[in-house]
Amino acid sequence: LLAVVPAVIAGCATTPPENVENICAIFEDKSRWYRAAKQSEERWGTPIHVQMAIIRQESTFEFDARPPRRRLLGFIPWTRPSDAYGYAQALESTWDWYKEDTGRRFADRDDFEDAIDFVGWYTNISQQSFGISKWDPYNQYLAYHEGHTGWQRNSHRSKRWLTSTARQVDSRAREWGAQLRGCEEDLDDGWWFF
């Protein structure tokens with residue numbers, strides 16, 4: 001029995017959705033994710049499609065995503081540029097702040113429910129602190145990626161690659177918002193069963 005439990009847990013976990021480009025397909029594949037996304041939206045006010053587009057960009061829905069390792073001498077795996085981890089690619093220090101601020105002491109970066117709540121929490125702070133609309137995926141992503149200190153310093157302005165990525169997040173979020181309007185009623189009909 002003890003040998004079976006880890007195998008069952010590993011099997012339940014955490015493969016990404018088959019289609020990571022369509023929000024309706026994602027929620028059809030991962031029905032519990034819709035409940036978590038909806039709860040985060042209700043708690044923090046950031047639309048589901050904005051939160052999901054940020055996670056899609058950060059991890060492609062890989063539960064254990066990490067930044068790629070640097071290479072020493074061009075081929076030897078070396079250190080990582082940060083300790084970002086999980087669906088939301090949250091830094092450990094920011095995650096600790098989230099847990100303390102929300103009282104979610106046992107939240108894990110590799111748990112989707114916790115990760116999407118983190119994104120909602122973070123975007124809420126971005127709105128409260130800097131006036132970034134929760135419906136503005138472009139600027140919310142820039143503040144998310146650069147951190148609030150980086151946002152205040154306008155660090156994104158010197159990173160053409162990052163502003164291009166933020167435009168992709170914005171485009172995906174808007175497309176997903178339209179997709180979600182077409183399937184949300186069906187998702188709402190059964191989300192509480194899971």
Side-chain angles (χ1 to χ4, degrees), residues 16-17 19-30 33-63 65 67 82 84-91 94-95 97-98 101-102 109 112-185 187-188 191:
N19 179 356
V20 297
E21 300 305 329
N22 182 294
I23 197 168
C24 296
I26 290 168
F27 288 142
E28 286 169 13
D29 191 9
K30 304 284 187 181
W33 287 13
Y34 178 68
R35 176 176 60 187
K38 191 162 186 80
Q39 287 172 340
S40 179
E41 179 185 53
E42 290 170 355
R43 183 174 188 188
W44 303 113
T46 303
I48 291 171
H49 59 276
V50 173
Q51 296 180 70
M52 290 290 286
I54 290 171
I55 291 178
R56 164 65 179 85
Q57 183 60 44
E58 290 298 284
S59 68
T60 319
F61 302 110
E62 294 280 348
F63 78 99
S82 77
Y85 176 74
Y87 289 108
Q89 286 296 280
L91 297 174
T94 313
W95 192 260
W97 175 28
Y98 160 73
D101 192 50
T102 61
R109 292 183 286 175
F112 182 82
E113 180 179 334
D114 295 334
I116 198 157
D117 191 71
F118 170 84
V119 172
W121 168 82
Y122 197 91
T123 54
N124 182 57
I125 290 174
S126 297
Q127 190 274 323
Q128 289 180 346
S129 300
F130 307 109
I132 305 171
S133 170
K134 296 173 187 177
W135 290 83
D136 179 356
Y138 177 82
N139 285 300
Q140 280 287 357
Y141 182 73
L142 290 174
Y144 188 89
H145 187 276
E146 293 298 275
H148 293 143
T149 302
W151 173 262
Q152 286 179 293
R153 293 179 182 158
N154 292 313
S155 60
H156 57 279
R157 291 188 179 164
S158 62
K159 299 177 182 178
R160 190 175 293 173
W161 64 268
L162 179 57
T163 55
S164 175
T165 300
R167 282 193 295 275
Q168 291 172 3
V169 172
D170 184 79
S171 176
R172 180 176 289 119
R174 293 178 193 285
E175 180 182 346
W176 280 5
Q179 290 172 355
L180 194 56
R181 284 190 292 276
C183 67
E184 197 163 19
E185 187 175 328
L187 292 167
D188 281 336
W191 74 271

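The basis for the numbers below is simple: all heavy atoms, side chains too, and nothing from hydrogens, waters or symmetry mates.
Between the side chains of Asp114 and Tyr87, no donor N or O sits under 3.5 Å from an acceptor N or O. For Gln51 and Tyr122, the side-chain atoms include no donor-acceptor pair closer than 3.5 Å. Using modelled atom types and a 3.5 Å distance limit, the side chains of Asn22 and Asn19 yield no donor-acceptor pair. Looking at Trp151 and Asn139, their side chains never bring a donor and an acceptor atom within 3.5 Å of each other.
Within the 4.5 Å cutoff, the side chain of Lys38 has heavy atoms near those of the Glu184 side chain. The side-chain heavy atoms of Glu58 and Val119, taken from C-beta on, include no pair separated by under 4.5 Å. When side chains are defined from C-beta on, Trp33 does not count as touching Ile116, because their heavy atoms never get closer than 4.5 Å. In this structure, Thr163 and Tyr138 have side chains that are in contact, with non-hydrogen atoms separated by less than 4.5 Å. You'll find the side chain of Glu21 reaches within 4.5 Å of the side chain of Arg172, heavy atoms only. Here the side chains of Arg56 and Met52 are not in contact, with every heavy-atom distance at 4.5 Å or above. The shortest side-chain heavy-atom distance between Leu162 and Arg160 does not fall under the 4.5 Å cut-off. Counting only heavy atoms from C-beta outward, the side chains of Val169 and Gln140 never approach each other to under 4.5 Å.
The 12-atom threshold is exceeded at CZ of Arg43, counting heavy atoms of other residues, nucleotides or ligands nearer than 6.0 Å.
Using a cutoff of 4.0 Å between basic side-chain nitrogens and carboxylate oxygens, Arg35 and Glu113 are not scored as salt-bridged.
Note on ring orientation: taking the six-membered ring where Trp is involved, the planes of Tyr141 and His145 are tilted (angle from 30° to 60°).
Residue Lys134 forms a side-chain hydrogen bond (donor to acceptor under 3.5 Å, both in side chains) with just one option from Thr46, Thr123, Asn124, and that option is Asn124. Considering Trp97, Trp95, Phe112, Trp44 in turn, Trp95 is the only one that fulfils the ring-ring contact (aromatic ring centres under 6.0 Å, His included) rule with Phe118.
Remark: Tyr98 OH to Ile125 CD1 distance equals 10.5 Å, nearest 0.5 Å.
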